[in-house]
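One structure is given below, encoded as C-alpha cells.
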Amino acid sequence: MINFDDFSRPEEYISPFDKHFRKVLRKHLEETVMPYRRQFDEDWKDHHLIEPAFDKLMGELGLQKSLFPQEYGGWGVARSDYVFRIGYMLSEELGRADTGMAVALCVTFWPLLVIMIDPFVNERLIKEFAPMFCDTKKAVFAANAMTEPQGGSDIENLGLLGGRTIRTTARLEGDEWVINGHKLWPTNSGGVAKLFGVPCTTNPGSSDPKDFAFIYVPADLPGVTQGGSYEKAGMAADRNSDIWFEDVRVPSWYRAHGPGTDAEAFYQLISFGQMASCAFLTGAMMNLYERLYEFVSTRTYNNRPLKENDAIAGIIGRIAGDIDICRILGHEAAMIGDRRNKPYGKPLISEDVVGRIRNIKDFISDRAVENFGKAMDVLGIYGADRDWDIEKHWRDIKIIQLWMGGKQLCQMESARYFFNCETL
Amino acid sequence: MNKNLDELFIVSGNPLDEDAKSVVGLVRQWADREILSKRMEYREGYSKLFAEQRRRLNLDIGIQWLTLPEENGGFGWNDLSKAVDIAHVLCEIGRADASIGSLLAVQYAILATCTMKHNLNRKLCDMFSSLYISDTVRTPALILPGPGMAGKTSALFLGRSILTQVKAKKGGYTITGRNLRPLLAGAAADLFCVVCAGEKDDRACLALVPGDAHGISTGSPLRTTGLNACGNADITIDMVSISKENLIDHDGAAEELHTWLNLLLGAVSVGAGMNFFEILSDWSETRVIKGGFTLKENPLCASVLADVAEETALAKMLLFDLAQVISASAHEGLHTTRAFTYSEIIGNRIQSSIIKAINRGMELMGSAGYAKEWHVEKHWRDVKTIQSLLCGVGAEAPVKMDTARFFYNCAEL
C-alpha cells in the first residue's frame, strides 16, 4: 500500500547519508516527539517538556554537531557536497514531526553555516565554537538575530538595500567589536540560544556591502538582554523574543570574515533558510497526508468512506497531487544549493540561485497554507480538533510563509531575476 | 483607524429602522468600549473577562432575549423580516469576539426554528423565555449531521450522517446518540438542540434536550484551533427522555436551522473580518519597507491590501444579500429549499472570503500577524474554526451537492 514515503523525489539527488540516517531520525522522532507534540503545543512558555526532547534529539542523537568537521567531533556535513540535500532530509523529517522543533534545530545551523560553507570558511571560529556544540549531551542552540523594529524584512532584502536600513552597529575598539542595537523575533531567543549571529553595520546608513558585518555574540556576555517569549499562534517549540545589545564587547575575530565577504557569506544562508523552509513544509504535508488518509478512510459521507465519494476525492486528490509536486520542487531547491560549486551550477549569492529558491519557497508555502486549510475543511467539525494534528500544522506553518521577507519579497526576487527589473 | 466602516463597506437594502439602529448602536458601543479599546487587558484576563463581557452583552443589554417574541418579554425580533437587523448585531459582536458571537449565533439559529412568526410554537416560546429571560447567561449547543463512521449505515440528511435517533414513547420521546460532536459548547451547554433521525422515515427533526437531563454524559474538554472559550466536548445521549413539545419536526426544520446558521455565523466572521481590516489599515499606514515607504504606498503591498478590502467587501455584501433573501420571505413564507441552498452557497463563500482576506493581510503583517499581541491571529483561528465547523464534513463537496440538487434536479447525489 502506498504511504507518505512514496511522494516523488528525484532519487538521483538523494545523498548516501539519507539512505541510513533518515530511518534513524524518523524512528527517534516517532518515539520521542510525535506522541507528545500536542503537549508540546501547550509548553510554549517554559519548555519543560520540549527541552528534554531537544536534549535527546540534538545532544544525545547528536544533530547539533552535524555541521562541524570530524576532527572537532562533528559529522562533517558542512564540508559535504550534499550539505543542502542533507539539510533538506533533516528538515523534512523534523517538519513531519513538529515544525517548531524543526525550525529551532535548523536555525541553530544557520549562523554556523556563514563560516562553514565553502568558499566562506573561517577555521579559527569553527574550532572555537566546536566544543560548545560537540562536547555535550545537552541541547545547545544558536540564533540569527536579524530582524529589527524599524526594518521588518529589510535585512533579508540585502541585494537591494545593501544593509542601508540596519541600525544595529558594530564599532571596532582595539581588538574588540562593540555592538549596540535591538533585534526582534530571532528563533531560539528568549533565553534559549548560547550563541547569536548578529548582522550589524559598521557605518550606519551605508549601502556599501563592505560596511555590513556578521558578528558572533555569545548570549551570556554583559550587555545582552533578552525579553520574555512571545505568545504566538503556533510554533511552540520555537521561542522568540526581543534582544537588546548594549555596548556588548566581543573579540575582533568574532566577525565572520571581513568587509565585503560577510555580506556574501550571509547572503548564502538566506537560500539555505528558504530551502529548509521548503523541507519543513513538505515534511508537514507528508504528515497531513497520513492524518487525512486515516480520516477519509474511516469517516463517511452518503454512507461511503469520504475517499470513495467522487467530489471529495477531487479535493483530496488535489491535496496529494500538490504534496507530490511540492516535494519534487523542494528537492530541486536543495539541489540548486548543492550545485553551487559545479561547472553547471551557480554561486549561492547569484540572483539565479536566490530568485529560483525563493520562488520555490513561495510556491510551496502557498500550496501548504491552502492544503492545510482545505484538509481542515474536509475534517469539518473535527478540523479544528487538536487530536487530528492537522490544525497544529496549519497554525505552525503559516509563519513559514511569512518569515524571511515573506511572500512579497519572494515575488520581488523572482521578478528581478526573470524580468531584469532594475528599480524594484 | 479614522475611517467609518459603514461608509467604506456598503450593503444593499433599506437602512436600519430606528429600533434596529439603537440596538446595533448599543452593541457597537459595547464592542468598542469593553473589548476593542482594551484588547490587551481583555486578552490577558480572557477567561474572566470573556464571562463578564458575555454577561454584560447578554443580560445588561439584553441580547440574550433579542429574538424572543415581545409577548414573552423579548425584543420581538422574531420575524423573518428582522434577518438583516440580527445579522448587523452579530457582525458587531463578531468584530469584538467571535466566540461570544458564535454562541449567540447558535442560540438564535435554534430559536429561529420555533419562535419566528411563521413557525411560532407557543409552548416552546414559553419554555425559551423562562430559560433565556433570566439573570443567568445561557449556553446552548447544537449537534448537526456530519461525518458518519465507515462500516456503519446511518440515516442521512442530504448525505451527512445523522448519528442520533429519536423514538416515540408514551408522552414523549427518547433520544439516543453516542460520541456526538457539538458545534460548540458541549461541555458548557444548558440546552442541546440535536438533529435526530425520525423513527419511521429517518426524516431529520430537532430534539431539544436539557443539558442536565439524566443520561447525558460529557467527554473531556476539547482543545481546538479557535473559539476555545466556548468550551466544547463530545457528548453521549443515552436514552434521554424529552417531552412531546421538545421535538421540532415540521417540514424543513433542519434546513431552516442550517439556513440561519450560515447567515449568523457568516455575520460573526464578517465582523471579525471588519476588525481585521481596521488593524491592517493601521498597520499599513504606520509601517515602512525598503527603508522609508509606508506599506500602503508600495504597489505590491497596495495590491494585497486591495485583495483584503475586496474579499471583505464582497463577504459583507453577500451576507446582507442572504439576509435580504430571508427577510423578503416574511411576506410569502420561507421557501425552505431555496433559502437553504442560497445560504449554503453564500455561507460557504463568506467564510472563504474572510479567511482569504485574513490570510493575505497576514502576509503584510509578517510575524506581527502571528503574535498574539496584535490580535490578528485570534481572528484568523476563530474564523478558520467557524469555516470548518460549517463545512461539517468533506470541505465544500456537500455544499456543491446541495447546489447541484437544487439547480439541476439531480436525483442520485
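Remember, predicted model here, so these are calculated numbers, not experimental data. In what follows, chains carry the letters A, B, and so on, assigned in the order in which the sequence lines appear, proteins first and then strands, with residues in each chain numbered from 1.
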*Given the options A/V369, A/T300, A/L402, which has more heavy-atom pairs under 4.5 Å with chain B than any of the others?*
A/T300
*Show your reasoning for whether salt bridge (charged side-chain N to carboxylate O under 4.0 Å, His left out) applies to B/K384 and A/D377.*
CA-CA 9 Å; B/K384 183 66 209 173; A/D377 294 344; 3.1 Å; yes
*Could you tell me which portion of A/L306 (side chain, backbone, both or neither) has an atom closer than 4.5 angstrom to a non-hydrogen atom of chain B?*
side chain
*Among B/N359, B/L158, B/L413, B/V376, who wins on heavy-atom pairs under 4.5 Å with chain A?*
B/N359
_Among residues at least two apart in sequence or on other chains, which ones pass salt bridge (Lys or Arg N to Asp or Glu O under 4.0 Å) with A/K407?_
A/D362, A/D366
*Report the option among A/Y382, A/F295, A/W388 that has the most heavy-atom pairs separated by less than 4.5 Å from atoms of chain B.*
A/Y382
*At a heavy-atom separation under 4.5 Å, does A/I312 approach chain B through its side chain, its backbone, both, or neither?*
both
_B/P299 versus chain A, the contacting section by heavy-atom distance below 4.5 Å_ = neither
*B/L222 versus chain A, the contacting section by heavy-atom distance below 4.5 Å*: side chain
*Taking every heavy-atom pair that is under 4.5 Å apart, which of B/G369, B/G226, B/S367 has the most such pairs with chain A?*
B/S367
*Can you tell me if A/W403 and A/S277 form a side-chain donor-acceptor pair at under 3.5 Å?*
yes
*Name the region of A/V296, side chain, backbone, both or neither, that has any atom closer than 4.5 Å to a heavy atom of chain B.*
neither
_Test: A/E231 and B/R43 ion pair at under 4.0 Å_ = yes
*Short question: side chain of B/N262, backbone of B/H258 - any donor-acceptor pair under 3.5 Å?*
yes
_Modelled atom types, side-chain donor and acceptor of B/D234 and B/N179, under 3.5 Å_ = no
*Parallel, tilted or perpendicular: which fits the ring planes of B/W380 and B/Y370, with parallel below 30° and perpendicular above 60°?*
tilted
*asked:* Would you say B/R178 and B/T236 are linked by a side-chain donor-acceptor pair, where the criterion is simply a distance under 3.5 Å?
replied: no
_Heavy-atom pairs under 4.5 Å with chain A - which of B/P398, B/C301, B/G146 has more of them than the others?_
B/P398
*With A/A237, which residues qualify under side chain to side chain contact (heavy atoms under 4.5 Å, CB included), at least two apart?*
A/I50, A/F54, A/D98, A/M101
*Is chain A contacted by the side chain of B/N232, its backbone, both, or neither, given a heavy-atom distance below 4.5 Å?*
neither
*Look at atom NZ of B/K356 and say whether more than 12 heavy atoms of other residues, nucleotides or ligands are closer to it than 6.0 Å.*
no
*Which region of A/Y230, side chain (C-beta onward) or backbone (N, CA, C, O), has a non-hydrogen atom less than 4.5 Å from a non-hydrogen atom of chain B, or is it both or neither?*
neither
_Using a 4.5 angstrom heavy-atom cutoff, name the option from A/E391, A/R304, A/E42, A/K398 with the most pairs to chain B._
A/K398
*Counting only heavy atoms closer than 4.5 Å, note whether B/L227 contacts chain A via side chain, backbone, both or neither.*
neither
*asked:* Which atoms of B/V304 are under 4.5 Å from chain A, going by heavy atoms: the side chain, the backbone, both sets, or neither?
replied: side chain
*Side chains of A/F372 and A/I397: does their closest heavy-atom pair fall under 4.5 Å?*
yes
*Using a cut-off of under 4.5 Å for heavy-atom pairs, which of B/R287, B/Q351, B/R223, B/E377 has the most such pairs with chain A?*
B/R223
_Pick from B/A397, B/A371, B/G159 with the largest number of heavy-atom pairs that fall under 4.5 Å of chain A_ = B/G159
_Check: A/N303/B/S154 side-chain N/O donor and acceptor closer than 3.5 Å_ = yes
*Determine the option with the most heavy-atom pairs under 4.5 angstrom with chain B, choosing from A/G383, A/G373, A/G314.*
A/G373
*With respect to chain B, which residue among A/E370, A/M235, A/K392 yields the maximal number of heavy-atom pairs within a distance under 4.5 Å?*
A/M235
*B/L390 versus chain A, the contacting section by heavy-atom distance below 4.5 Å*: neither
_Could you tell me if A/T187 and A/D238 have a donor-acceptor pair between their side chains, going purely by distance under 3.5 Å?_
yes
_chain A contact via B/K152 - side chain, backbone, both or neither, heavy atoms under 4.5 Å_ = backbone
*Name the region of B/T153, side chain, backbone, both or neither, that has any atom closer than 4.5 Å to a heavy atom of chain A.*
both
*With B/V288, which of B/L295, B/T294, B/N298 fulfils side chain to side chain contact (heavy atoms under 4.5 Å, CB included)?*
B/T294
*Return the option, out of B/E363, B/K378, B/Q387, with the maximum number of heavy-atom pairs under 4.5 Å with chain A.*
B/E363
